[in-house]
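Notes follow once the structure below has been shown.
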Amino acid sequence: MTQINVRVDGASYVDDVEPRTLLVHYLREQLGKVGTVVGCDTSNCGACTVHLDGESVKSCTVLAVQADGSEVTTIEGIADGATLHPMQKAFHEQHGLQCGYCTPGMIMASIDLLKNNPNPSEHEIREGIEGNLCRCTGYVNIVRAVQQAAGEMSSTTTGAQA
Amino acid sequence: MIPAAFAYARPTTVDEALSAIAAGGEDVKIMAGGQSLIPVMRLRLAAPETVVDLTKVTELRGVREDGDSLVIGSMTTHSDILRDPLIARYGKLIAEATETVADPAVRHRGTFGGALAHADPAGDLPAVALALDAEFVIAGPGGARRSVPAAAFFVDYLTTALEDGELLVEIRVPKLGEGWGVRYEKFNRVAQAWSIVAVAAAVRREGSTIAEARIGLTNMGSTPLRATAVEQALVGADVSLETVTAAAAQAAEGTEPSSDLNAQADYRQHLARVLTGRAVRAAAGL
Ligand SMILES: Cc1cc2nc3c(=O)[nH]c(=O)nc-3n(C[C@H](O)[C@H](O)[C@H](O)COP(=O)(O)OP(=O)(O)OC[C@H]3O[C@@H](n4cnc5c(N)ncnc54)[C@H](O)[C@@H]3O)c2cc1C
Ligand code: FES
Ligand code: FES
(Lines give C-alpha, C1' and ligand atoms only; values in the text may rest on other atoms or scores of the structure.)
(Ligands and ions follow the chains in the order given, each with its own letter.)
Protein backbone atom coordinates (compact mmCIF):
# COMPACT_ATOMS: atom_id res chain seq x y z
CA MET A 1 0.00 0.00 0.00
CA THR A 2 1.12 3.53 -0.79
CA GLN A 3 -0.30 6.60 0.88
CA ILE A 4 -1.72 9.32 -1.35
CA ASN A 5 -2.89 12.84 -0.68
CA VAL A 6 -5.41 14.14 -3.22
CA ARG A 7 -8.06 16.78 -3.54
CA VAL A 8 -11.12 15.52 -5.37
CA ASP A 9 -13.95 17.90 -6.25
CA GLY A 10 -12.75 20.32 -3.60
CA ALA A 11 -12.35 17.88 -0.68
CA SER A 12 -9.02 16.55 0.60
CA TYR A 13 -8.38 12.84 1.07
CA VAL A 14 -5.51 10.86 2.55
CA ASP A 15 -5.80 7.22 1.55
CA ASP A 16 -3.81 4.03 1.23
CA VAL A 17 -3.99 2.49 -2.23
CA GLU A 18 -2.34 -0.39 -4.00
CA PRO A 19 0.01 0.98 -6.68
CA ARG A 20 -1.90 -0.97 -9.34
CA THR A 21 -5.21 0.77 -8.52
CA LEU A 22 -6.40 2.80 -11.50
CA LEU A 23 -7.52 6.34 -10.74
CA VAL A 24 -11.03 5.55 -12.01
CA HIS A 25 -11.35 2.63 -9.58
CA TYR A 26 -10.10 4.76 -6.69
CA LEU A 27 -12.69 7.42 -7.52
CA ARG A 28 -15.57 4.99 -7.89
CA GLU A 29 -14.84 2.33 -5.31
CA GLN A 30 -12.91 4.12 -2.58
CA LEU A 31 -14.58 7.56 -2.80
CA GLY A 32 -17.96 6.49 -4.17
CA LYS A 33 -17.73 8.97 -7.06
CA VAL A 34 -19.62 6.74 -9.45
CA GLY A 35 -20.44 9.61 -11.82
CA THR A 36 -17.19 8.73 -13.62
CA VAL A 37 -17.68 5.50 -15.57
CA VAL A 38 -15.60 2.86 -17.35
CA GLY A 39 -16.59 2.11 -20.93
CA CYS A 40 -13.73 0.13 -22.44
CA ASP A 41 -10.55 -1.83 -21.86
CA THR A 42 -8.44 -0.09 -24.47
CA SER A 43 -8.18 3.60 -23.42
CA ASN A 44 -10.28 4.57 -26.44
CA CYS A 45 -13.76 5.52 -25.24
CA GLY A 46 -13.07 8.48 -22.94
CA ALA A 47 -16.11 7.75 -20.71
CA CYS A 48 -13.72 7.91 -17.73
CA THR A 49 -12.35 11.41 -18.52
CA VAL A 50 -11.65 13.62 -15.49
CA HIS A 51 -9.41 16.65 -14.96
CA LEU A 52 -6.06 16.09 -13.26
CA ASP A 53 -4.56 19.45 -12.24
CA GLY A 54 -6.90 21.11 -14.71
CA GLU A 55 -6.15 18.92 -17.75
CA SER A 56 -8.34 16.19 -19.20
CA VAL A 57 -7.03 12.64 -18.69
CA LYS A 58 -8.48 9.17 -19.14
CA SER A 59 -8.72 8.06 -15.51
CA CYS A 60 -8.53 4.39 -16.57
CA THR A 61 -5.04 5.15 -17.91
CA VAL A 62 -3.62 6.89 -14.84
CA LEU A 63 -2.64 5.13 -11.60
CA ALA A 64 -4.21 6.48 -8.41
CA VAL A 65 -0.69 6.85 -6.98
CA GLN A 66 0.10 9.21 -9.84
CA ALA A 67 -2.60 11.60 -8.59
CA ASP A 68 -0.72 12.03 -5.30
CA GLY A 69 -0.39 15.75 -4.51
CA SER A 70 -2.82 16.65 -7.30
CA GLU A 71 -6.27 18.11 -7.74
CA VAL A 72 -8.87 15.93 -9.46
CA THR A 73 -12.17 17.24 -10.80
CA THR A 74 -14.88 14.80 -11.81
CA ILE A 75 -18.30 15.30 -13.35
CA GLU A 76 -19.62 15.38 -9.76
CA GLY A 77 -17.61 18.49 -8.94
CA ILE A 78 -18.51 20.93 -11.70
CA ALA A 79 -22.05 22.09 -10.78
CA ASP A 80 -22.42 25.02 -8.40
CA GLY A 81 -24.78 23.51 -5.84
CA ALA A 82 -28.10 22.99 -7.64
CA THR A 83 -27.00 25.13 -10.60
CA LEU A 84 -25.65 23.06 -13.45
CA HIS A 85 -22.34 23.95 -15.10
CA PRO A 86 -23.06 25.71 -18.44
CA MET A 87 -21.73 22.62 -20.24
CA GLN A 88 -24.10 20.31 -18.34
CA LYS A 89 -26.99 22.68 -19.01
CA ALA A 90 -26.13 22.81 -22.72
CA PHE A 91 -26.00 18.99 -23.04
CA HIS A 92 -29.41 18.88 -21.35
CA GLU A 93 -30.97 21.60 -23.50
CA GLN A 94 -29.48 20.48 -26.82
CA HIS A 95 -30.25 16.79 -26.20
CA GLY A 96 -26.54 16.00 -26.35
CA LEU A 97 -27.18 12.53 -24.95
CA GLN A 98 -29.37 9.49 -25.29
CA CYS A 99 -28.26 6.63 -23.02
CA GLY A 100 -25.94 9.06 -21.22
CA TYR A 101 -23.04 6.66 -20.74
CA CYS A 102 -20.50 8.79 -22.62
CA THR A 103 -21.80 12.05 -21.13
CA PRO A 104 -19.61 12.47 -18.02
CA GLY A 105 -16.48 12.06 -20.14
CA MET A 106 -17.86 14.13 -23.03
CA ILE A 107 -18.60 17.02 -20.69
CA MET A 108 -15.18 16.89 -19.01
CA ALA A 109 -13.42 16.73 -22.40
CA SER A 110 -15.54 19.60 -23.72
CA ILE A 111 -14.77 21.84 -20.73
CA ASP A 112 -11.07 21.15 -21.29
CA LEU A 113 -11.46 22.04 -24.97
CA LEU A 114 -13.05 25.42 -24.20
CA LYS A 115 -10.35 26.22 -21.66
CA ASN A 116 -7.77 26.06 -24.47
CA ASN A 117 -10.00 27.39 -27.23
CA PRO A 118 -13.02 29.41 -26.01
CA ASN A 119 -14.52 29.80 -29.51
CA PRO A 120 -13.93 26.57 -31.41
CA SER A 121 -15.22 25.94 -34.92
CA GLU A 122 -17.31 22.82 -35.53
CA HIS A 123 -14.21 21.08 -36.87
CA GLU A 124 -12.19 22.06 -33.78
CA ILE A 125 -14.95 20.73 -31.51
CA ARG A 126 -14.92 17.38 -33.33
CA GLU A 127 -11.11 17.22 -33.04
CA GLY A 128 -11.21 18.32 -29.40
CA ILE A 129 -13.55 15.50 -28.38
CA GLU A 130 -12.02 12.88 -30.67
CA GLY A 131 -10.93 10.87 -27.63
CA ASN A 132 -14.56 10.39 -26.57
CA LEU A 133 -16.84 7.91 -28.30
CA CYS A 134 -20.63 8.13 -28.35
CA ARG A 135 -22.55 5.16 -29.72
CA CYS A 136 -25.98 6.83 -29.57
CA THR A 137 -26.20 10.42 -30.71
CA GLY A 138 -24.18 10.64 -33.91
CA TYR A 139 -22.41 13.62 -32.28
CA VAL A 140 -24.52 16.31 -33.97
CA ASN A 141 -26.28 17.42 -30.79
CA ILE A 142 -23.10 17.06 -28.78
CA VAL A 143 -21.40 19.54 -31.10
CA ARG A 144 -24.41 21.89 -30.73
CA ALA A 145 -24.21 21.61 -26.96
CA VAL A 146 -20.53 22.54 -26.96
CA GLN A 147 -21.30 25.49 -29.25
CA GLN A 148 -24.06 26.68 -26.91
CA ALA A 149 -21.82 26.35 -23.85
CA ALA A 150 -19.00 28.18 -25.66
CA GLY A 151 -21.36 31.07 -26.37
CA GLU A 152 -22.64 31.24 -22.79
CA MET A 153 -19.27 30.78 -21.14
CA SER A 154 -17.49 33.41 -23.23
CA SER A 155 -20.30 35.93 -22.72
CA THR A 156 -20.18 35.40 -18.91
CA THR A 157 -16.39 35.84 -18.89
CA THR A 158 -16.65 39.00 -20.98
CA GLY A 159 -19.39 40.16 -18.64
CA ALA A 160 -17.20 39.52 -15.61
CA GLN A 161 -14.30 41.41 -17.13
CA ALA A 162 -16.39 44.41 -18.13
CA MET B 1 -9.23 -5.07 -16.05
CA ILE B 2 -6.71 -4.25 -13.36
CA PRO B 3 -2.94 -4.64 -13.70
CA ALA B 4 -1.18 -7.42 -11.77
CA ALA B 5 0.44 -6.27 -8.52
CA PHE B 6 3.84 -4.60 -8.76
CA ALA B 7 6.31 -2.74 -6.57
CA TYR B 8 6.22 1.00 -7.25
CA ALA B 9 9.06 3.53 -7.19
CA ARG B 10 8.63 7.23 -7.71
CA PRO B 11 12.08 8.82 -8.05
CA THR B 12 12.54 12.58 -8.36
CA THR B 13 15.94 12.68 -10.10
CA VAL B 14 17.63 10.72 -12.90
CA ASP B 15 20.14 9.30 -10.40
CA GLU B 16 17.37 8.08 -8.11
CA ALA B 17 15.58 6.60 -11.13
CA LEU B 18 18.70 4.69 -12.21
CA SER B 19 19.13 3.31 -8.67
CA ALA B 20 15.46 2.29 -8.53
CA ILE B 21 15.81 0.53 -11.88
CA ALA B 22 18.97 -1.26 -10.69
CA ALA B 23 17.26 -2.31 -7.43
CA GLY B 24 13.96 -3.33 -9.06
CA GLY B 25 14.68 -7.00 -9.69
CA GLU B 26 14.45 -9.07 -12.86
CA ASP B 27 11.53 -7.42 -14.60
CA VAL B 28 11.52 -3.63 -14.23
CA LYS B 29 9.40 -1.34 -16.37
CA ILE B 30 10.00 2.38 -16.70
CA MET B 31 6.76 4.35 -16.81
CA ALA B 32 6.69 7.67 -18.63
CA GLY B 33 3.16 8.85 -19.46
CA GLY B 34 1.80 5.33 -19.08
CA GLN B 35 -0.39 5.77 -22.17
CA SER B 36 1.00 2.65 -23.81
CA LEU B 37 2.25 0.84 -20.71
CA ILE B 38 -0.91 1.03 -18.55
CA PRO B 39 -3.12 -0.39 -21.33
CA VAL B 40 -0.81 -3.39 -21.81
CA MET B 41 -0.52 -3.90 -18.05
CA ARG B 42 -4.31 -3.75 -17.73
CA LEU B 43 -4.61 -6.50 -20.33
CA ARG B 44 -1.81 -8.34 -18.45
CA LEU B 45 0.27 -8.45 -21.61
CA ALA B 46 2.91 -6.99 -19.30
CA ALA B 47 3.15 -7.80 -15.60
CA PRO B 48 6.38 -6.20 -14.38
CA GLU B 49 7.76 -6.87 -10.91
CA THR B 50 8.63 -3.21 -10.43
CA VAL B 51 7.39 -0.02 -12.06
CA VAL B 52 9.67 3.02 -11.92
CA ASP B 53 7.46 6.05 -12.53
CA LEU B 54 9.28 9.05 -14.03
CA THR B 55 6.39 11.51 -13.58
CA LYS B 56 8.17 13.45 -10.80
CA VAL B 57 11.59 13.55 -12.48
CA THR B 58 11.17 17.18 -13.50
CA GLU B 59 14.70 17.51 -14.94
CA LEU B 60 13.54 15.25 -17.81
CA ARG B 61 10.75 17.60 -18.86
CA GLY B 62 11.08 20.53 -21.23
CA VAL B 63 12.69 21.77 -24.44
CA ARG B 64 15.88 23.83 -24.62
CA GLU B 65 18.25 24.97 -27.37
CA ASP B 66 21.93 24.16 -27.60
CA GLY B 67 23.58 25.85 -30.57
CA ASP B 68 22.07 24.40 -33.72
CA SER B 69 20.11 21.74 -31.83
CA LEU B 70 16.86 21.44 -29.94
CA VAL B 71 17.16 19.25 -26.86
CA ILE B 72 13.89 17.61 -25.85
CA GLY B 73 13.64 15.99 -22.41
CA SER B 74 12.20 12.48 -22.61
CA MET B 75 9.33 13.36 -20.20
CA THR B 76 8.13 16.33 -22.25
CA THR B 77 4.47 15.55 -22.89
CA HIS B 78 2.85 15.70 -26.30
CA SER B 79 0.85 18.73 -25.12
CA ASP B 80 4.03 20.45 -23.83
CA ILE B 81 5.47 19.99 -27.34
CA LEU B 82 2.41 21.58 -28.93
CA ARG B 83 2.66 24.63 -26.63
CA ASP B 84 6.43 25.07 -26.79
CA PRO B 85 7.75 28.25 -28.49
CA LEU B 86 11.08 26.66 -29.54
CA ILE B 87 9.22 23.75 -31.15
CA ALA B 88 6.90 26.22 -32.89
CA ARG B 89 9.95 27.96 -34.33
CA TYR B 90 12.40 25.16 -35.10
CA GLY B 91 10.49 21.90 -34.69
CA LYS B 92 7.40 22.25 -36.87
CA LEU B 93 7.69 18.71 -38.24
CA ILE B 94 7.61 17.33 -34.69
CA ALA B 95 4.60 19.53 -33.89
CA GLU B 96 2.69 18.45 -37.01
CA ALA B 97 3.19 14.77 -36.21
CA THR B 98 2.42 15.24 -32.50
CA GLU B 99 -0.88 16.92 -33.31
CA THR B 100 -2.02 13.70 -35.00
CA VAL B 101 -1.14 11.48 -32.01
CA ALA B 102 -4.19 10.02 -30.24
CA ASP B 103 -6.47 12.63 -28.63
CA PRO B 104 -6.08 15.58 -26.23
CA ALA B 105 -6.43 13.52 -23.02
CA VAL B 106 -3.78 11.00 -24.14
CA ARG B 107 -1.54 13.88 -25.29
CA HIS B 108 -1.74 15.44 -21.80
CA ARG B 109 0.01 12.36 -20.33
CA GLY B 110 1.90 10.66 -23.18
CA THR B 111 5.49 11.78 -23.66
CA PHE B 112 7.93 12.35 -26.52
CA GLY B 113 10.48 9.97 -24.99
CA GLY B 114 7.87 7.33 -24.15
CA ALA B 115 6.55 7.31 -27.70
CA LEU B 116 10.09 6.84 -29.07
CA ALA B 117 11.14 4.22 -26.50
CA HIS B 118 7.93 2.30 -27.22
CA ALA B 119 9.02 2.10 -30.90
CA ASP B 120 5.68 1.05 -32.32
CA PRO B 121 6.14 1.03 -36.11
CA ALA B 122 2.70 2.70 -36.38
CA GLY B 123 3.74 5.41 -33.89
CA ASP B 124 4.03 8.86 -35.44
CA LEU B 125 7.18 10.19 -33.77
CA PRO B 126 9.78 7.51 -34.62
CA ALA B 127 9.72 8.31 -38.37
CA VAL B 128 10.08 12.00 -37.57
CA ALA B 129 13.06 11.33 -35.26
CA LEU B 130 14.65 9.19 -37.98
CA ALA B 131 14.08 11.79 -40.70
CA LEU B 132 15.70 14.41 -38.47
CA ASP B 133 18.70 12.17 -37.62
CA ALA B 134 17.91 12.62 -33.94
CA GLU B 135 20.50 11.67 -31.31
CA PHE B 136 19.22 9.69 -28.32
CA VAL B 137 20.99 10.45 -25.05
CA ILE B 138 20.80 7.42 -22.76
CA ALA B 139 21.85 7.10 -19.11
CA GLY B 140 23.00 3.73 -17.80
CA PRO B 141 23.74 2.14 -14.41
CA GLY B 142 25.90 4.45 -12.31
CA GLY B 143 24.94 7.46 -14.45
CA ALA B 144 27.22 6.87 -17.48
CA ARG B 145 25.79 8.50 -20.62
CA ARG B 146 25.95 7.40 -24.22
CA SER B 147 24.45 8.79 -27.39
CA VAL B 148 22.82 6.69 -30.10
CA PRO B 149 21.84 7.99 -33.55
CA ALA B 150 18.25 7.38 -34.63
CA ALA B 151 19.40 5.01 -37.39
CA ALA B 152 20.78 2.68 -34.69
CA PHE B 153 18.11 3.35 -32.04
CA PHE B 154 15.19 1.62 -33.75
CA VAL B 155 16.22 -2.02 -33.87
CA ASP B 156 13.02 -3.95 -34.57
CA TYR B 157 9.29 -4.10 -33.80
CA LEU B 158 8.88 -2.51 -30.30
CA THR B 159 12.63 -2.90 -29.82
CA THR B 160 15.22 -0.17 -29.39
CA ALA B 161 18.90 0.10 -28.52
CA LEU B 162 17.92 0.73 -24.86
CA GLU B 163 19.47 -2.01 -22.68
CA ASP B 164 18.20 -3.27 -19.33
CA GLY B 165 19.01 -0.75 -16.63
CA GLU B 166 19.12 2.16 -19.07
CA LEU B 167 16.97 5.25 -19.28
CA LEU B 168 16.29 7.57 -22.21
CA VAL B 169 17.18 11.06 -20.98
CA GLU B 170 16.82 13.42 -23.91
CA ILE B 171 16.59 13.61 -27.67
CA ARG B 172 18.62 16.07 -29.73
CA VAL B 173 17.36 17.18 -33.13
CA PRO B 174 18.73 19.80 -35.53
CA LYS B 175 16.85 23.09 -35.62
CA LEU B 176 15.05 23.46 -38.92
CA GLY B 177 14.64 27.19 -39.37
CA GLU B 178 14.76 29.52 -42.37
CA GLY B 179 14.38 27.85 -45.75
CA TRP B 180 12.90 24.58 -44.49
CA GLY B 181 9.37 23.48 -45.30
CA VAL B 182 7.83 20.48 -43.54
CA ARG B 183 4.78 18.25 -43.69
CA TYR B 184 3.50 15.18 -41.84
CA GLU B 185 0.93 13.33 -43.96
CA LYS B 186 -0.93 10.68 -41.96
CA PHE B 187 -3.45 8.25 -43.35
CA ASN B 188 -5.90 6.66 -40.93
CA ARG B 189 -9.61 6.02 -41.04
CA VAL B 190 -11.16 6.91 -37.69
CA ALA B 191 -10.63 9.34 -34.82
CA GLN B 192 -7.67 8.79 -32.46
CA ALA B 193 -6.36 5.97 -34.66
CA TRP B 194 -2.79 4.99 -35.35
CA SER B 195 -1.29 5.54 -38.80
CA ILE B 196 -2.00 2.96 -41.47
CA VAL B 197 0.88 4.71 -43.23
CA ALA B 198 2.33 8.18 -42.71
CA VAL B 199 5.14 10.22 -44.26
CA ALA B 200 7.29 12.88 -42.60
CA ALA B 201 8.96 15.26 -45.04
CA ALA B 202 11.35 18.18 -44.54
CA VAL B 203 12.67 20.00 -47.57
CA ARG B 204 15.09 22.92 -47.80
CA ARG B 205 14.88 25.04 -50.91
CA GLU B 206 17.53 27.30 -52.36
CA GLY B 207 15.66 29.40 -54.89
CA SER B 208 14.03 27.00 -57.32
CA THR B 209 16.21 24.00 -56.37
CA ILE B 210 15.84 21.45 -53.58
CA ALA B 211 19.02 21.63 -51.51
CA GLU B 212 18.16 19.05 -48.82
CA ALA B 213 15.40 16.51 -48.31
CA ARG B 214 14.63 14.29 -45.33
CA ILE B 215 11.84 11.78 -45.59
CA GLY B 216 10.70 9.30 -42.94
CA LEU B 217 8.10 6.55 -43.35
CA THR B 218 5.74 5.40 -40.59
CA ASN B 219 4.45 1.80 -40.54
CA MET B 220 6.23 0.61 -43.69
CA GLY B 221 8.17 -2.12 -41.86
CA SER B 222 9.04 -3.28 -38.35
CA THR B 223 10.91 -0.01 -37.74
CA PRO B 224 10.55 3.51 -39.12
CA LEU B 225 12.38 3.90 -42.45
CA ARG B 226 14.06 6.61 -44.51
CA ALA B 227 12.89 6.94 -48.11
CA THR B 228 16.49 7.17 -49.29
CA ALA B 229 15.78 6.79 -53.00
CA VAL B 230 13.31 9.67 -52.90
CA GLU B 231 15.73 11.87 -50.96
CA GLN B 232 18.49 11.21 -53.51
CA ALA B 233 16.17 11.92 -56.43
CA LEU B 234 15.09 15.23 -54.89
CA VAL B 235 18.42 16.74 -53.90
CA GLY B 236 19.61 19.09 -56.62
CA ALA B 237 16.35 18.79 -58.54
CA ASP B 238 14.16 21.66 -59.66
CA VAL B 239 11.13 22.36 -57.51
CA SER B 240 8.47 21.19 -59.95
CA LEU B 241 5.47 18.89 -59.90
CA GLU B 242 7.18 16.55 -62.40
CA THR B 243 10.37 16.03 -60.39
CA VAL B 244 8.49 15.59 -57.11
CA THR B 245 6.03 13.13 -58.64
CA ALA B 246 8.84 11.11 -60.24
CA ALA B 247 10.80 11.05 -56.96
CA ALA B 248 7.77 10.06 -54.87
CA ALA B 249 7.18 7.07 -57.15
CA GLN B 250 10.25 5.50 -55.49
CA ALA B 251 8.91 5.87 -51.92
CA ALA B 252 8.12 2.18 -51.42
CA GLU B 253 11.55 0.97 -52.58
CA GLY B 254 13.13 -1.34 -50.04
CA THR B 255 10.10 -1.35 -47.74
CA GLU B 256 8.48 -4.49 -46.30
CA PRO B 257 5.21 -3.38 -44.76
CA SER B 258 2.94 -5.85 -43.00
CA SER B 259 -0.53 -6.92 -44.06
CA ASP B 260 -3.22 -6.67 -41.42
CA LEU B 261 -6.89 -5.83 -40.90
CA ASN B 262 -6.28 -2.22 -41.91
CA ALA B 263 -4.37 -2.74 -45.14
CA GLN B 264 -2.50 -5.23 -47.33
CA ALA B 265 1.20 -4.69 -47.92
CA ASP B 266 0.78 -3.60 -51.56
CA TYR B 267 -1.83 -1.05 -50.54
CA ARG B 268 0.56 0.32 -47.91
CA GLN B 269 3.20 0.68 -50.62
CA HIS B 270 0.70 2.54 -52.78
CA LEU B 271 -0.12 4.82 -49.85
CA ALA B 272 3.57 5.50 -49.23
CA ARG B 273 3.96 6.77 -52.80
CA VAL B 274 0.82 8.91 -52.71
CA LEU B 275 1.51 10.37 -49.26
CA THR B 276 5.16 11.06 -50.07
CA GLY B 277 4.04 13.04 -53.12
CA ARG B 278 1.61 15.06 -51.00
CA ALA B 279 4.07 15.61 -48.15
CA VAL B 280 6.94 16.70 -50.40
CA ARG B 281 4.73 18.99 -52.49
CA ALA B 282 3.49 20.70 -49.34
CA ALA B 283 6.97 20.88 -47.79
CA ALA B 284 8.45 22.33 -50.99
CA GLY B 285 5.66 24.88 -51.21
CA LEU B 286 4.15 23.52 -54.43
C1 LIG C 1 -6.18 5.65 -27.40
C2 LIG C 1 -4.72 5.84 -27.78
C3 LIG C 1 -4.41 6.24 -29.07
C4 LIG C 1 -3.08 6.43 -29.45
N5 LIG C 1 -2.82 6.85 -30.72
C6 LIG C 1 -1.55 7.09 -31.09
C7 LIG C 1 -1.25 7.57 -32.40
O8 LIG C 1 -2.14 7.82 -33.22
N9 LIG C 1 0.06 7.76 -32.74
C10 LIG C 1 1.06 7.54 -31.84
O11 LIG C 1 2.22 7.75 -32.19
N12 LIG C 1 0.82 7.11 -30.59
C13 LIG C 1 -0.45 6.87 -30.20
N14 LIG C 1 -0.71 6.44 -28.91
C15 LIG C 1 0.43 6.20 -27.99
C16 LIG C 1 0.89 7.49 -27.34
O17 LIG C 1 1.67 8.24 -28.25
C18 LIG C 1 1.78 7.21 -26.13
O19 LIG C 1 1.98 8.45 -25.52
C20 LIG C 1 3.16 6.65 -26.41
O21 LIG C 1 3.16 5.53 -27.25
C22 LIG C 1 3.81 6.18 -25.15
O23 LIG C 1 4.22 7.28 -24.42
P24 LIG C 1 4.12 7.27 -22.86
O25 LIG C 1 4.87 8.46 -22.39
O26 LIG C 1 2.73 7.15 -22.42
O27 LIG C 1 4.99 5.97 -22.48
P28 LIG C 1 4.69 4.74 -21.53
O29 LIG C 1 3.42 4.09 -21.88
O30 LIG C 1 4.89 5.15 -20.13
O31 LIG C 1 5.93 3.82 -21.95
C32 LIG C 1 5.98 3.17 -23.21
C33 LIG C 1 7.22 2.26 -23.25
O34 LIG C 1 8.41 3.01 -23.30
C35 LIG C 1 9.26 2.73 -22.19
N36 LIG C 1 9.81 4.02 -21.74
C37 LIG C 1 9.10 5.15 -21.55
N38 LIG C 1 9.91 6.16 -21.20
C39 LIG C 1 11.17 5.65 -21.14
C40 LIG C 1 12.44 6.23 -20.85
N41 LIG C 1 12.57 7.53 -20.54
N42 LIG C 1 13.52 5.43 -20.91
C43 LIG C 1 13.39 4.12 -21.24
N44 LIG C 1 12.20 3.53 -21.55
C45 LIG C 1 11.11 4.29 -21.49
C46 LIG C 1 8.35 2.07 -21.17
O47 LIG C 1 9.06 1.22 -20.32
C48 LIG C 1 7.36 1.35 -22.04
O49 LIG C 1 7.88 0.13 -22.47
C50 LIG C 1 -2.03 6.22 -28.51
C51 LIG C 1 -2.34 5.82 -27.20
C52 LIG C 1 -3.66 5.63 -26.83
C53 LIG C 1 -3.97 5.22 -25.43
S1 FES D 1 -12.78 3.60 -19.82
FE2 FES D 1 -12.59 3.83 -21.96
S3 FES D 1 -11.01 5.30 -22.08
FE4 FES D 1 -11.16 4.98 -19.97
S1 FES E 1 -25.37 8.94 -25.28
FE2 FES E 1 -25.15 6.81 -25.35
S3 FES E 1 -23.03 6.61 -25.75
FE4 FES E 1 -23.32 8.72 -25.93
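In this text, all values refer to a predicted model and were calculated from it rather than measured experimentally.
Scanning all heavy atoms of the two residues, the minimum distance from A:Glu130 to B:Gln192 falls at OE1-N, 2.7 Å. Here the closest heavy-atom approach between residue A:His25 and residue B:Met1 is recorded as CE1-O, 4.5 Å. A:Pro19 and B:Tyr8 make their closest contact through CB-CB, 3.5 Å (heavy atoms, listed as atom of the first residue, atom of the second, distance). Listed here is the closest heavy atom pair of A:Thr61 and B:Gln35: O-NE2, 3.1 Å. The heavy-atom pair separating B:Arg10 from A:Thr2 by the smallest distance is NH2-CG2, 4.5 Å.
Atom NZ of B:Lys29 has 12 or fewer neighbouring heavy atoms from other residues, nucleotides or ligands inside a 6.0 Å radius. More than 12 heavy-atom neighbours from other residues, nucleotides or ligands sit within 6.0 angstrom of CZ on B:Arg83. Summarising the local packing, NZ of A:Lys33 is surrounded by more than 12 heavy atoms from other residues, nucleotides or ligands at distances under 6.0 Å. Heavy-atom neighbours of B:Glu26 CD from other residues, nucleotides or ligands within 6.0 Å: at or below the threshold of 12. Residue-environment remark: CG (B:Asp156) exceeds the threshold of 12 foreign heavy atoms within 6.0 Å.
Here B:Arg109 contributes atom CZ and A:Ser56 contributes atom OG; the two are 11.0 Å apart, rounded to the nearest 0.5 Å. Note that CE of B:Met31 is 5.5 Å distant from CD of A:Gln66, once rounded to the nearest 0.5 Å.
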* CA sep, side-chain torsions, deciding dist, call: B:His108, A:Leu52, side chain to side chain contact (heavy atoms under 4.5 Å, CB included) -> CA-CA 10 Å; B:His108 283 146; A:Leu52 183 61; over 6 Å; no
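No other option in B:Leu37, B:Asp53, B:Val51 has as many heavy-atom pairs under 4.5 Å with chain A as B:Asp53. The greatest number of non-hydrogen atom pairs below 4.5 Å with chain B, out of A:Thr49, A:Val57, A:Val65, A:Thr42, is found for A:Val65. Contact tally against chain A (heavy-atom pairs below 4.5 Å) for B:Ser79, B:Gly34, B:Ala4: the top residue is B:Ala4.
The shortest distance between side-chain heavy atoms of B:Ile2 and A:Glu18 does not fall below 4.5 Å. For the pair A:Leu22 and B:Ile38, the minimum side-chain heavy-atom distance is below 4.5 Å. Contact annotation: the side chain of B:Met41 never approaches that of A:Leu63 to less than 4.5 Å [non-hydrogen atoms, C-beta and beyond].
Looking at A:Asn44, the atoms closer than 4.5 Å to chain B (heavy atoms on both sides) sit in the backbone and in the side chain alike. At a 4.5 Å heavy-atom cutoff, the contact between A:Leu133 and chain B is made by side-chain atoms alone. Looking at B:Ala7, neither its backbone nor its side chain comes within 4.5 Å of chain A, counting heavy atoms on both sides.
Residues B:Arg42 and A:Ser43 have side chains that bring a donor and an acceptor to within less than 3.5 angstrom of each other.
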